[in-house]
2 protein chains.
Amino acid sequence: MNSTTLFGPDDAPVSTSVAKKKSQSKASKSAPKSEPASKARDISVAEFFEKNRHMLGFDSPTKAILMAVKEAVDNSLDACEEAAILPDIRVEISAVNDRHYLVCIEDNGPGIPDTQIGKIFGKLLYGSKFHKLSQSRGQQGIGISAAGMYGKLTTGKPVKVISKTRRGRPVETVLSIDSLRNKPEIHAQEEVVWEGRKHGTRVEIEMEAIYKKGTRSVDMYLKQTAIANPHLTLTYLDPGGQEVVYERNTQSKPPETVDIKPHPHGVELGRLITMLKETNARSISGFLQEEFCRVGPTLAKRIIAEAGHGLTPKSYPTRTAKEQASHLHRAIQATRISSPPSDCIAPIGEELLLKGLEKELAADFYVTATRPPAVYRGNPFQIEVGIAYGKPGGVGLEVTDSGRIQKKSKAERATEELVANADEPARILRFANRVPLLYQQAGCAITKSIIGTNWRSYGLSQPKGSVPVAPMAIMVHIASVWVPFTSESKEAIAAYDEIIAEVKRALQEAGRKLGIYIRKGKRLKREFDKREYIEKYIPHIGIALQEILDLDDPARDQTVEILEDVLHRSRKF
Amino acid sequence: MNSTTLFGPDDAPVSTSVAKKKSQSKASKSAPKSEPASKARDISVAEFFEKNRHMLGFDSPTKAILMAVKEAVDNSLDACEEAAILPDIRVEISAVNDRHYLVCIEDNGPGIPDTQIGKIFGKLLYGSKFHKLSQSRGQQGIGISAAGMYGKLTTGKPVKVISKTRRGRPVETVLSIDSLRNKPEIHAQEEVVWEGRKHGTRVEIEMEAIYKKGTRSVDMYLKQTAIANPHLTLTYLDPGGQEVVYERNTQSKPPETVDIKPHPHGVELGRLITMLKETNARSISGFLQEEFCRVGPTLAKRIIAEAGHGLTPKSYPTRTAKEQASHLHRAIQATRISSPPSDCIAPIGEELLLKGLEKELAADFYVTATRPPAVYRGNPFQIEVGIAYGKPGGVGLEVTDSGRIQKKSKAERATEELVANADEPARILRFANRVPLLYQQAGCAITKSIIGTNWRSYGLSQPKGSVPVAPMAIMVHIASVWVPFTSESKEAIAAYDEIIAEVKRALQEAGRKLGIYIRKGKRLKREFDKREYIEKYIPHIGIALQEILDLDDPARDQTVEILEDVLHRSRKF
């Protein structure tokens with residue numbers, strides 16, 4: 001492949017060999033070499049995503065900078081969580097020139113051994129989170145390497161990583177991805193002096209980008225990350241030199257979660273056959289108990305009896321015939337098995353969620369709801385919802401340094417004010433495993449659930465097939481051991497029926513409480529209107545009484561005062 | 001990796017080594033082995049897509065069957081086109097049991113050498129179309145292997161392929177994909193007797209599926225495929241045993257297209273650096289001329305002079321410094337270079353498009369428009385549009401075998417009638433390189449362009465932000481050397497500005513002609529109404545004249561006849 005480039009002429013000699021198990025062919029020698037199919041060859045996964053980088057979210061310079069920050073911060077948070085460290089993350093973005101920005105993300109995580117740095121930052125589809133079922137932000141092993149690939153593609157510059165493990169010394173690695181081979185290329189790796197952090201990782205990527213504020217900006221992503229991660233202290237230095245610090249709300253780390261084994265009901269026949277072939281278990285009974293959750297000896301026995309067709313608890317897994325596997329699969333589906341354990345997922349929790357919303361969203365009323373864990377395709381998940389309602393006055397204005405009051409720009413307001421105006425559709429804040437999702441709102445199961453909920457019954461207006469129109473922000477969080485994203489860029493959640501149903505139930509719970517508040521507010525408003533109406537006439541009554549009873553002015557004023565007092569005491573507030 | 005499964009415990013021993021170029025590290029030995037990152041490992045691309053199969057379009061049993069047919073038919077058409085064969089394709093779907101279907105696609109293509117069959121049908125990211133810029137249906141090297149993977153996952157059954165090349169003998173291969181390793185597993189390969197085809201390929205996949213008629217069905221896909229490929233004869237045997245034949249409209253094959261080299265303006269800095277490193281050219285001047293289209297000796301000289309910084313036409317490409325490459329990149333962008341050649345793309349053509357529309361869409365009026373080729377990100381593309389307007393009466397009814405007239409079901413009508421009803425949004429038929437796109441309509445650049453066009457000025461009603469409401473079907477075809485799909489499932493086109501602008505221009509061209517027809521129709525309608533109105537009163541005038549002039553009945557009737565004749569001759573139609 002040395003002589004060919006991605007877009008180059010495709011006449012490289014072919015050197016492929018099929019792994020034949022039992023080839024009985026005699027025709028292979030007579031196959032003419034000039035057949036079109038013989039030009040076929042391997043496509044490196046990095047080449048594939050370089051050419052299709054819009055699938056990873058790197059399709060515009062505005063979005064690219066957000067994607068890079070997101071991938072790095074997600075990794076930092078995951079690393080801290082796994083090592084039981086309270087995360088302290090610093091994000092810096094600075095302009096190199098008018099088209100290029102330098103993006104730096106630094107954490108106090110456990111650090112990365114230098115032998116691993118190349119693959120983690122310079123190889124797509126490499127990681128520790130794909131092969132297990134656990135609640136983590138990353139799951140694909142693509143993100144941060146894709147960010148580095150985009151940086152190299154647009155600026156030609158490599159990625160710089162400094163990392164220090166607890167027992168190691170700080171090592172700086174300069175690397176880039178060789179996309180024709182999907183392999184890291186290490187340009188330099190050496191010990192350096194790194195002040196400040198006892199352990200942690202710093203990654204620097206230069207890239208072509210456009211930096212903007214607004215609803216889908218880095219600023220917004222970081223603000224929402226702070227809401228969903230109340231145990232995080234986050235410092236952000238923006239290209240203008242402004243520093244924002246989000247201090248942690250709590251000293252307690254999220255509850256530890258455990259990895260789980262797949263639930264029997266979520267495993268398809270083809271996967272079951274592969275598992276039977278690859279298992280270390282020496283009996284079907286052992287196989288069922290070891291490879292799945294929620295299966296004990298009794299249940300295993302029952303499943304095997306149900307399967308029949310010569311299967312006994314002692315049958316050897318790797319010798320199971322395809323036909324038997326099919327019966328085993330049917331037996332599993334027909335057997336009642338309890339839901340997967342829920343200690344594999346950790347929601348944010350109502351208390352911290354409320355704290356986070358109150359801190360970052362200015363509103364009159366807050367409500368949250370948390371559903372019990374549920375299951376889709378064998379994967380446990382849990383839904384949390386938070387609503388912030390009502391907009392305190394005076395927003396949209398700020399006092400400048402020179403003392404003048406001025407209106408904030410639309411983008412600034414969008415970033416700072418997460419609650420919609422009264423005549424706008426409610427703002428939606430979507431989170432998956434504590435990561436804010438900013439793009440592809442329309443294609444997301446969360447949005448579909450919000451649209452599918454009847455908000456009119458809670459006293460809100462809702463155009464047909466739309467999000468409710470109200471001064472409101474709706475936050476929805478899905479925590480799961482495997483979040484089903486619709487694309488590699490992880491921007492929207494696939495519309496599984498079970499997920500939509502759970503989100504709706506959570507919204508209804510929160511909605512009912514909101515409805516009570518809104519109706520109370522409407523009653524108050526009516527009372528207030530009546531009182532104001534009566535108050536308007538009291539002075540006129542005073543004047544009339546003055547004329548009828550021939551009062552002097554002080555007596556008239558006193559009468560008015562008494563009347564007002566009576567009114568206030570007689571009304572219910 | 002032997003002992004671990006996709007969902008299994010992740011404690012396999014790590015055996016990774018980073019390709020260090022200049023490692024000066026001493027810290028590597030002190031790195032503790034228990035660091036979280038050390039659990040990381042490679043993810044096979046097949047495992048990745050098996051777990052994320054919704055990204056490939058295999059997320060529901062209804063959609064899976066369509067995807068499988070689509071991928072196989074696309075491959076067949078591409079193979080025939082490359083080998084200059086008039087395609088004759090047969091699709092058969094039959095029910096195996098209530099959940100499983102057998103999908104068979106057979107073509108008269110050039111056949112596939114048996115050594116290639118394994119990789120083509122049993123390995124993701126393998127193919128002949130990714131590494132070149134040419135107009136083909138496939139481009140990713142994923143599709144057909146993914147269909148086989150889904151079949152295996154849901155039924156445990158392998159894929160069966162029979163293929164015969166012109167000079168070879170028919171060979172049957174039974175294979176499946178080993179998704180943990182992304183490698184084909186050949187279960188059997190042997191010579192067989194295959195009647196009927198002199199050369200060609202037949203693929204059989206059994207899969208879990210739900211078979212439905214309707215707007216996003218196999219039936220619809222095949223019908224639209226016939227419209228966009230007038231040189232194709234297509235036979236379809238559905239699970240109910242009904243056979244439909246789409247005969248070809250033309251004996252002439254689509255014009256041959258050539259592969260092109262990338263256009264200099266579409267190449268990013270990082271890619272330029274890689275190309276400089278990987279080229280065989282021995283001078284920068286030669287490099288520019290050999291690796292790109294539209295660069296001759298004079299232009300190469302001008303670009304190199306503009307770049308400066310020590311670069312001369314004779315500089316050795318692989319010794320170009322990164323800094324120089326950056327200046328070369330800037331010089332390329334600053335130089336006027338003519339658009340890429342357009343013989344790399346072949347639109348359907350107005351005549352054949354019109355024929356296809358008239359044959360498959362029952363309507364009163366047809367119009368087409370073809371734009372000249374344009375360029376996005378260095379890739380040539382061309383837009384064609386066809387509109388079918390007006391619905392002839394009597395649709396929605398059919399005569400049964402027993403002679404009764406009955407209403408067709410909604411799904412049947414949706415499949416058979418591609419023109420919308422008068423009170424419905426216009427039907428949109430989207431095509432990319434002659435392949436119908438049936439899913440993700442809302443997220444597609446074509447739909448965005450239709451919504452962004454002002455249809456009111458052509459006499460149609462159009463709700464704000466919506467598709468026009470009219471008895472109409474709008475067909476849009478994009479032909480390109482690289483279609484930018486939004487996901488691996490190739491269902492929607494990314495919204496590049498250049499593409500949206502071109503689609504709109506084509507729609508406007510067709511729209512203007514439609515507007516003339518509609519206005520003429522409206523005038524006709526007014527005339528017709530007036531005539532009908534007068535005709536209504538002529539018999540009364542006859543009676544009145546009879547009374548006044550004392551006519552007998554025959555004289556009265558004759559008078560009425562003469563009056564009607566005068567009316568018809570006096571009006572303009």
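Letters A, B, ... mirror the listed sequences (proteins, then strands); counts begin at 1.
With a 4.5 Å cut-off on non-hydrogen atoms, B:S176 does not touch chain A at all. With a 4.5 Å cut-off on non-hydrogen atoms, A:D259 does not touch chain B at all. For a residue to count as touching a neighbouring chain, one of its non-hydrogen atoms must lie under 4.5 Å from one of that chain's; by this rule B:Q440 does not touch chain A. Only the side chain of B:I142 comes within less than 4.5 Å of a heavy atom in chain A; its backbone stays farther off. Contact of B:K322 with chain A is made through the side chain alone, with heavy-atom distances under 4.5 Å.
Contact between A:M55 and B:S487 at its shortest, heavy atoms only, is CE-C, 3.3 Å. Here the closest non-hydrogen pair linking B:Y126 and A:I43 is N-CD1, 3.9 Å. Heavy-atom minimum distance, B:F48 versus A:F130: CA-CZ, 3.5 Å.
Interface summary for chain B: among A:M149, A:R377, A:E208, A:K157, the most heavy-atom pairs under 4.5 angstrom belong to A:R377. Counting heavy-atom pairs closer than 4.5 Å to chain B, the top-ranked of the candidates A:P484, A:A494, A:G141, A:G151 is A:P484.
A salt bridge links B:R53 with A:E268: at least one charged nitrogen is closer than 4.0 Å to a carboxylate oxygen.
Remark: B:N182 pairs with B:S44, B:V45, B:A46, B:K123, B:L124, B:I177 by the side-chain contact (heavy atoms from CB on, under 4.5 Å) rule, at least two apart or across chains. In this structure B:H199 satisfies the side-chain contact (heavy atoms from CB on, under 4.5 Å) test together with B:I85, B:R166, sequence neighbours excluded.
No donor-acceptor pair closer than 3.5 Å links the side chain of B:K51 to the backbone N or O of A:Q140. Panel note: side chain A:H54, backbone B:F485; a donor-acceptor pair is recorded below 3.5 Å.
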